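This report concerns only the one structure given below.
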Amino acid sequence: MPDYESIERKWQVRWSDRKLNESERDERPKFMIIFAYPGVTGYLHVGHMRGYTYADAIGRYKRMTGYNVLFPVGTHATGNGAISLAARIAAGDKDIMDYMVRNGCPPEKLEGELRDPLNVVWFFNGVYQEEYWKRFGFLADWRRFTCTLYPDYSKFMQWQFRKLNEAGLLIQKPYFAPACLSCGPVAVDPSETDLSKGGNAETQEFTLLKFRSGDEILVAATLRPETVYGQVCFWVNPEVEYLKVRNGGETWIVSPQAYEKLSHQKDGLESIGAVKGSDLLGRTCIAPMIHREIPVLPAAFCDPDVGTGMVTSVPSDAPDDWMSLTKLKEDHSYMERYGIAKETIDAVVPISIISMKGYGDFPAQDIVERMGIEEADDPRLEEAKKQVYKDGYHLGVMKDICGEFAGMRVEEAKERMKQAMIDSGEADVFFDLSEEVVCRCGCKVVIKRIDDQWFIDYGNEDLTQRTSDHCRTMTINPVEYYNNVHAVLKWFRERACVRLGNWLGTKFPFDERWIIEAISDSTLYPVYYLISMYANDGRIEPEQMTEAFFDYAILGKGDAEKVSGECGIDTSLLNEIRAEVLYWYPLDMNLGGKEHMTVHFPAFLKNHVAILPPEMWPKGITVNWYITGKKSKISKSKGGAQPIPGAAKKFGADGMRLYYAHIASPFADVEWDEDNVMSYSQRIDRIASFIGDLSSYRGSATEMDAWLVSRMNTHVSTIRSAMERYDLRQMATVAYFEIFNDLKWYQRRGGENPETISECLRTWITAMMPVTPHMAEEMWEAAGFDGLVSEAQLPEAGERSVPAEYGEDLIREVMSDAQQIIKVTGIEPKRMVLYTAPSWKIGILGKALELQEKGELSIPSLTKACMSDPDIKVHGKAASDMARKTAEDMMRLPAGSMRPMFESDERAHLAAAAGFLSKEMGLEAEVYSSDEEGRYDPGDKARMAVPGRPAIYLE
RNA sequence: GCGGGGGUAGCCAAGCCUGGCCAAAGGCGCAGGACUUAGGAUCCUGUCCUCAGCGGUUCGAGGGUUCAAAUCCCUUCCCCCGCACCA
């Protein structure tokens with residue numbers, strides 16, 4: 001295995017010595033690119049390098065096409081990831097210890113510094129920069145590195161929130177959020193940063209329905225308030241001890257668990273007694289909305305942990321209710337135990353309330369029968385319920401029985417009916433999680449009301465409109481996102497932007513109890529890369545970074561002298577920072593994974609539009625999809641991940657870079673496959689060794705030189721137009737496959753002119769530099785060029801020579817045709833005779849081209865033109881057939897594409913290549929024109945020759 | 001559901017916006033050959049069917065538009081992703 005690492009280090013040091021990564025303002029056009037900085041959540045895996053690599057490769061391409069490039073990097077450490085990681089390290093968690101060590105963490109750090117959350121962040125800041133980004137040869141401006149937990153970054157963040165407030169975009173209102181009672185707010189998401197259980201839970205909004213029964217109110221929770229017209233009875237669990245709860249002037253009856261949950265969402269609840277479920281039986285209650293008296297009946301399936309522990313029964317549309325009711329009617333023994341008369345239960349009959357396509361009067365009955373469910377405890381009832389809910393929601397229409405809501409679609413009726421009942425005091429709302437969620441600390445997670453939650457008002461219409469308009473002017477890849485981003489912007493509404501609890505981040509400037517949350521502090525930060533350098537090297541201190549300072553530096557507001565006096569930063573330095581901002585901003589490209597499409601990118605865009613002037617709004621976004629693993633093999637949370645440094649050692653950083661750039665479109669997920677990576681790695685080696693061979697050629701010029709030069713010009717212009725669209729993949733196809741193949745062909749055809757080769761290598765190696773910079777440097781050196789290819793410029797594309805390219809295409813086609821004949825016939829020919837088209841056929845082609853130019857080409861017009869030419873006419877039917885076929889072909893193909901066939905001297909070209917063909921195919925090749933008298937033509941093949949397709953005879 | 005993406009030859013994957021040298025790039029795999037067996041080698045050739053190359057049938061399925069469709073339109077079947085406080 002080659003020692004990639006030391007080769008890579010060698011060149012990285014050279015780049016660094018030349019300060020290639022340090023971007024300074026100058027006269028060139030600028031290009032600023034970033035990737036969305038990663039969250040500090042532990043070690044990254046090989047998949048993460050995909051997007052980062054795109055950023056470096058695009059930056060390098062821009063460098064070699066005349067741009068002054070700035071590529072800054074940073075990390076996002078806001079949140080509780082580092083806190084929980086440090087806590088697990090401190091607790092000596094076996095899995096975490098193994099994971100850290102396996103990824104290369106020195107064990108002694110686990111015993112000491114990494115027990116502290118901030119040290120965890122600093123540690124990974126080092127890992128990301130040294131082991132990932134530098135290791136991959138990124139030309140990032142390390143001087144500007146920043147992290148959301150740096151004190152200077154916090155100053156910037158507080159300034160940003162002041163600006164948001166000035167723009168009227170900070171609002172306060174109540175909010176229902178998942179929270180752990182001891183740790184505070186937690187994030188419920190599948191990555192389970194905060195959780196030990198329940199990451200897939202959703203927050204559901206229940207409607208609490210109030211059933212008056214005497215002086216008390218039985219409360220049921222439902223997700224389907226639109227079904228109230230179908231209520232026929234009320235279930236309570238006779239074995240549960242319910243609580244009587246005072247809520248204002250009302251007395252509610254709910255399960256103790258529901259009381260606990262409600263108490264986090266409502267003020268002034270008071271438990272004033274208990275009542276056994278069985279004691280509620282025999283009562284009746286008044287159903288909300290329909291004001292009908294329904295019986296309270298016993299049901300063992302009422303779970304006190306779900307909703308309020310009591311259920312209103314709508315058998316028509318709820319499969320559970322349908323089955324339970326059916327069973328209870330069949331077997332009266334359960335009811336009898338509680339003294340419920342058979343007539344009471346028999347009187348409970350479903351009411352049809354919703355009509356929906358594909359279902360009869362009672363959807364619940366239909367689905368239960370369709371699925372063959374026969375028992376009340378069948379687990380498939382859950383699925384049945386989901387199906388009916390889903391279909392009901394989208395297909396259902398309220399029936400006539402539903403009063404003023406009759407005829408309304410369920411989708412609409414649901415909201416309206418809920419609101420009507422809330423307005424009349426018959427309902428309330430309640431939030432709950434769809435499954436049990438447990439915090440890392442072991443406590444249960446509940447939904448808690450927060451009264452004074454701050455939001456950023458991303459729903460602001462003017463802001464949304466201006467952002468949307470701006471997006472049309474941006475370069476957004478892929479085009480699907482360019483089209484869709486407007487819908488996303490519209491959908492993106494108020495966002496809770498601060499939180500309480502165990503959380504690392506910047507204090508909210510208007511109320512320091514709150515910490516700015518993780519999405520909200522990572523939106524405007526690209527502009528901060530233009531300032532971070534001065535804080536990093538101590539030229540400015542965090543205390544000096546006042547509102548006036550940022551106002552001046554970023555917005556150009558105020559007077560330098562005055563601002564200087566206010567914040568204590570030299571006027572000249574202030575002006576330098578201002579000049580940095582003016583020179584580098586706006587950001588040209590923000591590159592991020594597809595997870596950013598619905599949250600980060602809209603927030604990034606809207607913050608820029610809200611705070612900065614239009615000339616500083618971003619110009620580009622590129623979204624990249626993932627590298628995925630078989631059975632989550634590369635996922636960092638599951639263990640078994642391929643550590644990045646190990647992979648780099650095995651395949652070489654450049655092998656991986658080429659793999660990322662070329663394996664698939666950036667806009668598709670790819671499964672990590674070591675064999676693929678290896679094959680890219682080997683391709684680079686192959687190219688390197690081939691370039692070594694080429695460099696030693698000392699021959700003289702041949703007709704192949706013009707061909708090669710033309711091909712290279714074609715390639716350079718393809719590369720340039722591909723990169724206009726940031727299409728790294730097409731660029732890589734050309735640079736690593738097509739150019740390689742062409743040089744192989746050149747070599748095979750006897751090309752050996754050192755001047756041409758050298759000129760060509762200069763272009764080729766430069767073209768490979770963006771994707772595989774280290775190996776490009778090796779090749780550059782091996783080819784004898786001076787300096788660093790990382791500093792070289794890509795030559796402009798020169799002229800193409802269509803005839804030169806056509807001639808070689810012809811030869812390859814002849815070879816391929818001959819091979820096919822050999823394969824099909826199974827003969828081993830000793831002699832190959834080629835016959836080019838006779839002049840009269842070329843004449844027909846010429847006439848066709850003429851007609852086409854005049855726009856008069858058709859089969860009859862060409863035939864007529866041919867028949868008026870005596871030289872052609874003598875060939876009779878063969879001539880009219882040829883004319884017809886030529887006209888057909890030409891009308892089918894793009895105009896002018898057959899011109900080279902007419903203009904090229906096929907006979908001369910093939911004759912010149914006869915020696916080559918003989919050698920390659922191991923036979924004697926000879927070439928005739930079909931016009932030639934006395935040609936050797938025992939198979940009478942010459943008559944088949946047409947322009948572009950010589951006839952072949954093998955013997 | 002809402003929003004979005006996708007179905008291409010044994011597999012992976014381009015092409016689709018801007019219809020036409022598209023039987024459809026490239027890679028992998030497979031087969032044959034060369035050269036060699038210090039190697040995860042390299043180099044040629046082939047890899048839908050048919051066949052002395054020029055023909056035929058293909059790009060989830062079915063219709064349509066067009067001189068011409070993998071590409072545009074309609075219908076239909078099947079897969080995947082996001083839906084929020086998680087960057």
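A note on names: the letters A, B, ... follow the listed sequences, proteins ahead of strands, and every chain is numbered from 1. Just so it is clear, the structure is predicted and the values come from calculations on it, not from any experiment.
- A 3.5 Å limit on both hydrogen-bonding distances identifies no Watson-Crick or G-U partner for B:C17.
- Residue-level contact check: A:Glu480 touches the backbone only, with heavy atoms under 4.0 Å from sugar-phosphate atoms and none from bases.
- Rounded to an integer number of Å, the gap from NZ of A:Lys594 to P of B:C80 is 13 Å.
- Atom name C1', nucleotides B:C17 and B:C67: the rounded distance is 23 Å, in whole Å.
- A tilted orientation is assigned to the rings of A:His76 and A:Tyr37, their planes being inclined by 30° to 60°.
- Distance check on atom P: B:G40 versus B:C28 gives 15 Å, rounded to whole Å.
- Nucleic acid contact for A:Ser665: sugar-phosphate only, since backbone atoms but no base atoms lie under 4.0 Å from a heavy atom of the residue.
- Look at B:G3: its Watson-Crick or wobble partner, with both distances under 3.5 angstrom, is B:C81.
- No contact: A:His600 has no heavy atom under 4.0 Å from any strand.
- A:Arg748 meets the side chain to side chain donor-acceptor pair (under 3.5 Å) test with A:Glu920; sequence neighbours excluded.
- Residue-level contact check: A:Ala951 touches the bases, meaning some heavy atom is under 4.0 Å from a base atom.
- Note on A:Thr598: only backbone sugar-phosphate atoms sit closer than 4.0 angstrom, heavy atoms only; bases stay farther off.
- Without hydrogens or angle criteria, A:Glu494 side chain to A:Gly459 main chain gives no donor-acceptor distance under 3.5 Å.
- In this structure a side-chain-to-backbone donor-acceptor pair under 3.5 Å is missing from A:Asp727 to A:Met731.
- On the P atoms, B:A70 is 16 Å away from B:U65, given to the nearest whole Å.
- Here the side chain of A:Ile821 is nearest to one of B:A52, B:A14, B:A84, namely B:A52.
- Residue A:Trp491 and nucleotide B:A84 are classified as a stacked aromatic pair, their ring centres being separated by less than 5.5 Å at an interplanar angle below 30°.
- You won't find any donor-acceptor pair under 3.5 Å spanning the side chain of A:Asn676 and the base of B:G27, going by distance alone.
- B:A61 has its base anti relative to the sugar, with a glycosidic angle deviating from 0 by more than 90°.
- The same atom, P, is picked in B:U50 and in B:U45; the two are 23 Å apart, to the nearest Å.
- Checking B:A52, B:A87, B:A14 against the side-chain heavy atoms of A:Glu595 singles out B:A87 as nearest.
- With a cut-off of 3.5 Å on both Watson-Crick or G-U wobble distances, the partner of B:G46 is given as B:C30.
- Nucleic acid contact class of A:Ile822 (heavy atoms, under 4.0 Å, all strands): none.
- One can place CE of A:Met157 at 14 Å from C1' of B:A87, the figure rounded to the nearest angstrom.
- Residue-to-nucleotide proximity on RNA chain B shows that, of A:Ser679 and A:Thr78, the 5′-proximal contact is made by A:Ser679.
- Residue A:Ala664 is in sugar-phosphate contact alone, with no base atom involved, counting any heavy-atom pair closer than 4.0 Å across all strands shown.
- Closest to the side chain of A:Ser522, from the set B:A87, B:A52, B:G26, is B:A87.
- The residue A:Val479 sits apart from the nucleic acid: no heavy atom pair falls under 4.0 Å.
- At a cut-off of 3.5 Å, with distance as the only test, a side-chain donor of A:Asp742 or A:His715 sits close to an acceptor on the other residue.
- Remark: the separation of the C1' atoms in B:A24 and B:U8 is 9 Å, to the nearest Å.
- Atom name C1', nucleotides B:G4 and B:C12: the rounded distance is 24 Å, in whole Å.
- Between A:Phe601 and A:Phe604, the angle of the ring planes goes over 60°, which puts this pair in the perpendicular group of the 30/60° scheme.
- For the pair A:Phe176 CZ and B:A84 C1', the computed distance is 17 Å after rounding to whole Å.
- In summary, the aromatic rings of A:Phe740 and A:Phe690 are positioned with their centroids under 6.0 Å apart.
- A:Phe667 comes within 4.0 angstrom of nothing in the nucleic acid, heavy atoms only.
- Ring geometry, A:Phe492 versus A:Tyr458: the interplanar angle falls from 30° to 60°, so the pair is classed tilted.
- A straight line from CZ of A:Arg499 to C1' of B:A84 spans 13 Å, rounded to a whole angstrom.
- For the C1' atom pair drawn from B:G7 and B:G55, the interatomic distance equals 30 Å after rounding to whole Å.
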Can you pull every protein N or O that's under 3.5 Å from an N or O on nucleotides 41-49 of chain B?
unit_1	atom_1	unit_2	atom_2	d
B:U42	OP1	A:Arg686	NH1	3.3
B:C43	OP1	A:Arg686	NE	2.9
B:C43	OP1	A:Arg686	NH2	3.3
B:C43	OP2	A:Arg686	NH2	3.4
B:C44	O3'	A:Arg748	NH2	3.3
B:U45	OP1	A:Arg748	NH1	3.3

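- In terms of position along RNA chain B, the nucleotide closest to A:Asp669 lies nearer the 5' end than the nucleotide closest to the other residue of the pair A:Arg495 and A:Asp669.
- Within 4.0 Å of A:Pro829, counting heavy atoms only, lies no atom of the nucleic acid at all.
- For A:Met678, the listed nucleotide lying nearest its side chain is B:G40; candidates were B:A52, B:G40, B:A87.
- Protein atom CG of A:Asp727 is 16 Å distant from nucleotide atom P of B:C17, rounded to whole Å.
- Rounding to whole angstrom units, CG of residue A:Asp817 and C1' of B:A52 are separated by 10 Å.
- Comparing the C1' positions of B:C2 and B:C16 gives a spacing of 27 Å, expressed to the nearest Å.
- When the nucleotides B:G40, B:A52, B:G82 are ranked by their closest atom to the side chain of A:Lys650, B:G40 comes out on top.
- Listed nucleotides: B:A14, B:G26, B:A87. Nearest to the side chain of A:His596: B:A87.
- Within 6.0 Å of NZ in A:Lys594 there are more than 12 heavy atoms belonging to other residues, nucleotides or ligands.
- Between the side chains of A:Tyr659 and A:Glu674, no donor N or O sits under 3.5 Å from an acceptor N or O.
- For A:Ile515, the side chain to side chain contact (heavy atoms under 4.5 Å, CB included) criterion is met by A:Trp503, A:Lys507, not counting sequence neighbours.
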